[in-house]
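Quick notes on the structure that follows.
If you're wondering where the values come from, they're calculated on a predicted model, not measured in any experiment.
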Amino acid sequence: IVAHFVHVPSGDVYTTGQWPRSFEEAKQSTRAQLAELADKRLGGYAKTELVVEVGVPAEHLLALAKERNVDVLVTASRGRSELRDLLLGSVAEKLIRHAPCPVFVVRQGVK
């Protein structure tokens, strides 16, 4: 299961330019990007499922993991400072604390 949850502050949803103007546009754009990724990187996996919804990522990922009895969650982390995570929270941190299965976190930018 490859999942992405669109979680955009409402002010960003209604801007002009490259940003989608609605959650439905954001879902459609994200679904197209995930389909391209799945085709390029996961073409050999017959049971790949793409999930795109609107909502708070940590909450939806935890619910999805419980509903589908997921074996492991894999997520990326931006590697923000501890202070910023303390103030804003971290999806990866919430998953690690509350997931019903192991969580594998890949720090973005690490080679």
Name every donor-acceptor pair, under 3.5 Å, that has one atom in a side chain of residues 38-54 and the other anywhere in the protein, sequence neighbours excluded.
| residue | atom | partner | partner atom | Å |
| --- | --- | --- | --- | --- |
| K40 | NZ | E36 | OE2 | 3.1 |
| T48 | OG1 | Y45 | O | 3.0 |
| E49 | OE1 | R68 | NH1 | 2.9 |
| E49 | OE2 | R68 | NH1 | 3.3 |
| E49 | OE2 | R68 | NH2 | 3.0 |

Passes side-chain contact (heavy atoms from CB on, under 4.5 Å), F23 versus V6? Steps please. CA-CA 7 Å; F23 282 120; V6 179; 4.0 Å; yes

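- For the atom pair NZ of K94 and CG of L62, the computed distance is 9.5 Å after rounding to the nearest 0.5 Å.
- P57 is listed as a side-chain neighbour of V91, based on a closest heavy-atom distance under 4.5 Å.
- Both V105 and I1 belong to a common hydrophobic cluster when Ile, Leu, Val, Met, Phe, Trp and Tyr are linked at side-chain heavy-atom distances under 4.5 angstrom.
- Note that CD of E67 and NE2 of H60 are 10.0 Å apart. Values are rounded to the nearest 0.5 Å.
- Using a 4.5 Å heavy-atom cutoff, the side chains of C101 and L73 are in contact.
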Working note: L61 + F5, criterion side-chain contact (heavy atoms from CB on, under 4.5 Å); need CA distance, chi angles, decisive distance, verdict. CA-CA 8 Å; L61 282 168; F5 298 95; 3.4 Å; yes

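- Residue H98 holds its NE2 atom at 9.0 Å from NZ of K66, rounded to the nearest 0.5 Å.
- A side-chain donor from one of Q33 and S29 sits under 3.5 Å from a side-chain acceptor of the other.
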